[in-house]
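This one's a predicted model, so the numbers in the text were calculated from it and none came from an experiment.
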Amino acid sequence: MTAAVLLVAVPALLGLVGLLVRDRGIARVLAVAGPSAALGVALWCAFANPVGALTLADFGSVQVSAAFDLSPTAVAVALASVFVTVLVQVYSAAYLRDDPRYAPFAAQVNLFLAAMLLVVCADDLVLLLVGWEVMGACSYLLIAHYAKLPAAPGAAAKAFLVTRFGDVGFVLGVMILGAAAGTFRISEIEVGGGTATAAMLLILLGCIGKSAQFPLQIWLPPAMAGPTPVSALIHAATMVAAGAYVLTRLLPLWPPQLLLAVAVTAAVTMVGAGLCALAARDLKGVLAWSTVSQVGFMFAAVAVAAGDAALFHLVSHAAFKGLLFLAAGVVITLAGTGGSLRDTRLRPREAPLAFWAVTIGLASMAGLPPLGGFYSKETVLGAAYEAGTPAGVVVFWAGVVASILTAAYAARLWLLLFWRAPMKRSPLPTVSRSESLSLWALMVATVGIGVVYYTGPFRLPPLHFDLMALLLLATAGGVAVVADSWWRDRSRAKRRGGTDMDPARILGRARPALAEGLYGERLAAKTTRGLARAASFAASALDEHLVDRTAVEGSARATLAAARETAAGHRGGLVRYLRISVAGTLVVAVVAIGVSLWHG
């Protein structure tokens, strides 16, 4: 248990210390030391397999424990998270070399890592919930790092509010499970029937929000307003992957009939986000939508009860998506643009490191062998292929379509970045050693992650040669469609001159809507404003008609009327008073006689 505590405590402690530091040199040391030490502890955990618990609160029927359980698969996820964070911190030291707020940024990254590691190794749902919420708070701070950038504060607020909306369901689901099972220990929870269905649906809502799945995906593309290292951290190994990871931890509690809901969510997300990535207008936008789609593959594995396949794709995704985002930062810096695909372009010989980093990352994401993305995607679809359930059928064919789209938007991005005429500009800046080191390390990880299929801790289905052929055909089909459009545009440009070559035009009239995420943000904004107006009208009507006119003014009118009647009754004279007295006496006498007769 000591190893598990240290795994979380070391980056958390150094992150808290880093918040007090203002010297850049010390901040840089703390930034790298936190995840580096956590990497060493994670390797220790790989051999120690720490399990233990300490009771924090005992409410009689329910206990809350500081419980940890680092199984081999959990250690693999922790190693992926820590490895990417180490490289992000190394990369950030050069990327933010002129940023006066580098010190708090580096400290927040370490706290973010500690929160993710707490989610990974917690065996108690309350403890997991703590890491879950701290991770959300850190994401808000990191996305809003460029406070002077107009889009950053709004993007951070959107991410915080959308994920908080999902977290309401997550918290309620956790409370229902704990109350029904009498414990919050994940390894000891046993519930079924309607309780399990209600709790898991609520937890699914929280995981959908955290992992940016349909219909709560609207926060992730705007989050690109944060620094590029933050994008790599959120997308590659923390936060976005956290929802899929929690679903795999709770997989034994899922009612089988409920997995179809996960399958539908994954299918819509994989295909819809793939179309949006194909239409996106900027480099980081393509990568953001690709993350939404690739996390959909993890949800698809959960839908067919293949938790290890989901975690294997999580680890593979951490490598190639971390590589792509860090390479994107280098490309944008070298090109001297804001990342728009209209202007961002380089020649391979101008920036060979960036070219090969993007090429390897896109090839792995598209699923080309022998890269890790090919193995992880095959295991997900292989599990769906073997499932033999309605959920398996849904996610299998959605996964095939998503694979075609992945190859298409990867090929489009590669062609637009490196195979157009370069723009006129001054000599390119040099890539720092820190940035180069991070890219080289992630390239090696992306190429070598396929070894995990054969030697890793995951229990994965065997490779299917017919399915491998289908995936390669799907990939080739997506590339062929984009290449054909590119060749036609190139021929047209030679004849007419000045034609913008963008294969996204194959989407036709749907392209503007898809580039805007099917107007999800506008629809969400209109819905929110409509609900706000309806709530305001209801509150106004309640306040004016029920409270003011009925309760306040009505009680005043009733009091005045009663006072007038009472006053009128006291102005009747002696004869009237005598009549009332006699009548009252008779009433009292009748009641007294009746009570006496009733009792015998």
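Distance check: Tyr146 OH to Asp99 CG gives 6.0 Å after rounding to the nearest 0.5 Å. Taken to the nearest 0.5 Å, the NE2 atom of His313 stands 9.0 Å off from the CG atom of Leu381. Rounded to the nearest 0.5 angstrom, Met365 CE and Ile360 CD1 are separated by 13.5 Å. Cys121 SG to Met116 CE: the interatomic distance, rounded to the nearest 0.5 Å, is 10.5 Å.
The shortest side-chain heavy-atom distance between Pro369 and Glu378 does not fall under the 4.5 Å cut-off. No side-chain heavy atom of Phe112 sits less than 4.5 Å from a side-chain heavy atom of Thr85.
Below 30°, between 30° and 60°, or above 60°: for His235 and Phe325 the angle between ring planes is between 30° and 60°, a tilted geometry.
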- side chain to side chain contact (heavy atoms under 4.5 Å, CB included) between Val82 and Val86, worked out: CA-CA 6 Å; Val82 174; Val86 170; 4.3 Å; yes

- Query: Run the side chain to side chain contact (heavy atoms under 4.5 Å, CB included) check on Gln89 and Asn110 step by step: do they pass?
  - Reply: CA-CA 9 Å; Gln89 290 284 39; Asn110 280 346; 3.0 Å; yes

- Query: side chain to side chain contact (heavy atoms under 4.5 Å, CB included) between Gln294 and Thr406: does it pass, once the steps are laid out?
  - Reply: CA-CA 9 Å; Gln294 295 304 311; Thr406 302; 3.5 Å; yes

- Task: Go through the steps to decide whether Met270 and Gln213 satisfy the test side chain to side chain contact (heavy atoms under 4.5 Å, CB included), and finish with yes or no.
- Result: CA-CA 9 Å; Met270 285 190 291; Gln213 298 293 282; over 6 Å; no

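Using modelled atom types, one finds a donor on one side chain and an acceptor on the other under 3.5 Å when comparing Tyr95 with Thr228. Side-chain atoms of Ser316 and Lys377 include no donor-acceptor pair closer than 3.5 Å. Counted by atom type alone, Ser432 and Ser434 present zero donor-acceptor pairs between their side chains at under 3.5 Å.
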Using residues 389-405 as the side-chain source, report each donor-acceptor pair under 3.5 Å to any protein atom, sequence neighbours left out, with the distance given to one decimal.
| unit_1 | atom_1 | unit_2 | atom_2 | d |
| --- | --- | --- | --- | --- |
| Thr389 | OG1 | Gly392 | N | 3.1 |
| Ser403 | OG | Gly399 | O | 2.8 |

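Between Tyr375 and Phe312, the gap from one ring centroid to the other reaches at least 6.0 Å.
Counting all heavy atoms, side chain and backbone alike, Phe458 lies closest to Ala76 at CZ-CB, 3.7 Å.
Of the possible polar contacts, none joining the Ser293 side chain to the Ser290 backbone as a donor-acceptor pair under 3.5 Å is found. When atom types are taken as modelled, the side chain of Arg249 and the backbone of Val120 share a donor-acceptor pair closer than 3.5 angstrom. Between the Ser36 side chain and the Ala33 main chain, no donor and acceptor come within less than 3.5 Å of each other.
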